[in-house]
Amino acid sequence: MIKYDEFTLKNKLKVIVHKDDSTPMACVNILYDVGARDEDESKTGFAHLFEHLMFGGSINIPNYDEPLQMVGGENNAWTSNDVTNYHCSLPSNNLETAFWLESDRMLSLAFSEKSLEVQRSVVIEEFKQRYLNQPYGDVWLLLRPLAYKKHPYKWATIGKEISHIEDATMEDVKSFFKKHYNPSNAIMVVTGNVETAEVKRLAEKWFEPIPAIDKPKRNLPVEPEQTEHRAITVERDVPIDSIYKAFHMCSRYDEDYHTTDVVSDILSRGNSSRLYKALIKEKKLFSDISAYVMGDMDKGLFVVSGKLSPGIVMADAEKAIEEELEKMKTTLVDANELQKCKNKVESSLTFSETDIMTKATNLAISELLGSADLINKEIDHYNKITVEDIQRVAKQVLRKENCSTLYYMAKKK
């Protein structure tokens with residue numbers, strides 16, 4: 001059970017505090033409710049660009065990293081299609097340094113042409129290195145627009161194409177910042193060796209003066225139901241043929257989300273999972289195979305992906321995957337198999353609660369999903385899943401007409 005206090009500042013910044021006196025450290029996590037899905041289709045990659053820009057200096061602090069390192073702290077950030085998350089950890093007796101740094105960049109970034117050019121170059125280089133010049137790097141640039149026709153999940157966080165970042169103007173950047181990076185669109189979580197009264201004092205001192213702006217309203221296009229199987233085949237300079245099958249599934253808010261997650265675990269979590277045993281160990285069709293849910297806030301994807309063993313024909317590999325998925329739909333899983341899976345989930349959730357940074361992120365995401373207390377209900381959600389639930393959800397999700405398949409072929413030498 002994770003205990004926490006919460007309060008909201010006058011400018012609508014939500015603050016959550018969790019005391020953990022087993023550590024001398026503190027973590028300050030700020031989650032902004034903005035991701036790649038909030039971008040204009042002709043100007044993508046902005047949420048990810050801001051992940052970089054936010055470290056480029058603010059009005060009063062030209063270098064974010066230096067003051068933090070001087071007090072023994074470190075920081076990082078990540079962007080998804082749904083959110084952008086910034087976190088720093090530091091000795092708890094230097095907590096105010098984190099408040100000073102985070103509040104200044106929420107108040108106003110420096111927005112210098114130099115910073116924009118530097119970070120633009122970094123992002124373009126990352127696009128080339130990770131997505132264009134790396135084996136299998138462009139998988140999501142291909143699979144997302146195959147699976148999504150309307151919803152903005154059809155582009156990756158890096159953006160749809162490099163030109164969108166190349167063409168980003170200072171006006172574009174300022175407008176995106178003003179709309180999304182403000183107190184009403186953020187959740188701040190402070191964990192570690194901290195007292196709520198002190199966090200409240202610091203929050204009121206450093207964050208409350210930031211002007212309140214209304215939270216932006218999200219009105220995204222709804223993805224129509226997929227009614228026929230979609231597929232594309234590409235040839236790339238990679239060592240091994242691979243297959244990616246993406247099925248539409250429910251959103252993170254849906255009560256079937258945890259069941260869908262367990263379906264993926266039964267298929268591929270660990271060496272005793274179904275896909276590993278049948279397709280790697282017994283039939284030796286794959287060198288690597290996995291099933292996972294993307295965990296999206298809106299209706300997301302359930303993905304099965306695998307790298308074929310040398311000499312295996314794609315049609316045989318795909319048929320074997322489909323046979324295993326069919327079993328999930330036609331036969332009830334064994335109660336012991338389900339229980340084993342639940343035990344693994346519970347142990348990994350419990351283990352993650354020992355780390356203040358993970359707790360901070362999970363509290364922020366839980367709050368975004370409706371209430372920070374959802375963090376304490378996760379295990380209950382998994383424990384109440386029945387074998388009938390597994391079969392029902394498998395039937396609903398793992399349908400051929402609900403699937404988009406990418407055949408990723410190695411170039412013939």
Side-chain angles (χ1 to χ4, degrees), residues 36 39 41 44-45 47-49 51-52 78-81 119-149 152-168 229-247 264 267-268 275-276 278-281 283-294 296 300-322 324-325 400 403-413:
E39 297 161 351
E41 192 167 353
T44 64
H48 176 254
L49 176 62
E51 181 197 316
H52 291 265
W78 52 266
T79 315
S80 74
N81 286 70
Q119 300 308 333
R120 188 204 306 273
S121 301
V122 169
V123 171
I124 289 169
E125 194 50 41
E126 185 183 340
F127 200 125
K128 288 175 181 171
Q129 268 191 352
R130 285 183 54 200
Y131 293 82
L132 303 182
N133 301 331
Q134 189 170 297
Y136 313 102
D138 62 347
V139 164
W140 288 103
L141 301 182
L142 297 163
L143 197 51
R144 281 187 177 279
L146 184 66
Y148 290 101
K149 298 303 171 191
Y153 283 162
K154 62 184 170 178
W155 59 83
T157 50
I158 195 76
K160 219 171 165 182
E161 49 193 73
I162 288 179
S163 65
H164 290 185
I165 298 302
E166 286 173 336
D167 299 340
H229 179 241
R230 299 173 192 149
I232 54 169
T233 304
V234 297
E235 256 194 24
R236 295 287 189 268
D237 192 8
V238 293
I240 303 167
D241 293 345
S242 297
I243 184 170
Y244 301 83
K245 299 184 81 64
F247 299 84
S264 77
L267 284 169
S268 89
L275 294 179
Y276 184 89
L279 308 190
I280 294 181
K281 224 169 164 185
K283 297 181 181 171
K284 297 182 170 43
L285 294 169
F286 288 86
S287 58
D288 177 59
I289 192 159
S290 57
Y292 51 91
V293 301
M294 298 292 284
D296 297 310
L301 294 176
F302 179 110
V303 182
V304 180
S305 65
K307 290 188 167 54
L308 280 61
S309 296
I312 299 299
V313 177
M314 181 64 78
D316 295 342
E318 183 175 32
K319 184 167 179 268
I321 289 175
E322 287 171 349
E324 289 304 316
L325 300 187
K400 181 151 189 173
C403 178
S404 298
T405 306
L406 168 60
Y407 303 107
Y408 202 97
M409 313 297 287
K411 274 185 184 167
K412 302 287 182 282
K413 302 294 183 198

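Count residues from 1 along the sequence. Because the structure is a prediction, the values reported are computed rather than measured.
- Rounded to the nearest 0.5 Å, atoms CG (D138) and CG (N133) are 10.0 Å apart.
- No side-chain donor-acceptor contact under 3.5 Å links H164 and E39.
- For the pair A147 and S404, the tightest heavy-atom approach, listed with the atom from each and the gap, is CA-OG, 3.5 Å.
- The shortest non-hydrogen separation linking I289 to Y276 is CG2-N, 4.4 Å.
- Taking all atoms of both residues into account, the shortest heavy-atom contact from I240 to L308 is CG2-O, 2.8 Å.
- Closest heavy-atom contact between F286 and A317: CZ-CB, 3.6 Å.
- Note that CG of L285 and CD1 of I243 are 11.0 Å apart. Values are rounded to the nearest 0.5 Å.
- Looking at W155, its side chain never comes within 3.5 Å of a backbone N or O of E41 through a donor-acceptor pair.
- Between the side chains of T79 and H48, no donor N or O sits under 3.5 Å from an acceptor N or O.
- The shortest side-chain heavy-atom distance between R236 and L142 falls under the 4.5 Å cut-off.
- Inter-residue side-chain proximity for R144 and N81 is flagged as met; some heavy-atom pair is nearer than 4.5 Å.
- Using modelled atom types, one side-chain atom of T44 and one backbone atom of K160 make a donor-acceptor pair closer than 3.5 Å.
- No more than 12 heavy-atom neighbours from other residues, nucleotides or ligands sit within 6.0 angstrom of NZ on K128.
- When side chains are defined from C-beta on, D241 does not count as touching Y408, because their heavy atoms never get closer than 4.5 Å.
- Atom CH2 of W140 and atom CD1 of I158 lie 15.5 Å apart (nearest 0.5 Å).
- With rounding to the nearest 0.5 angstrom, the OH atom of Y153 is 9.5 Å from the CG atom of L301.
- Here the side chain of R120 pairs a donor or acceptor atom with the backbone of E166 at under 3.5 angstrom.
- Rounding to the nearest 0.5 Å gives a distance of 14.0 Å between SG of C403 and OH of Y244.
- The CD1 atom of I165 sits 10.0 Å away from the CD atom of E126 when rounded to the nearest 0.5 Å.
- Listed for the K307 side chain is no donor-acceptor partner under 3.5 Å among the backbone atoms of S242.
- Side-chain contact between T233 and M314 is absent, with no heavy atoms from C-beta onward closer than 4.5 Å.
- Nearest heavy-atom pair across A291 and L267 is CB-CB, 4.0 Å.
- The minimum heavy-atom distance linking L141 with L132 is given by the pair CD1-CD2, 4.1 Å.
- For K284 (side chain) and K281 (main-chain N/O), a donor-acceptor pair under 3.5 Å exists by modelled atom type.
- Proximity of H229 to K245: side-chain heavy atoms (C-beta onward) are separated by under 4.5 Å at one or more points.
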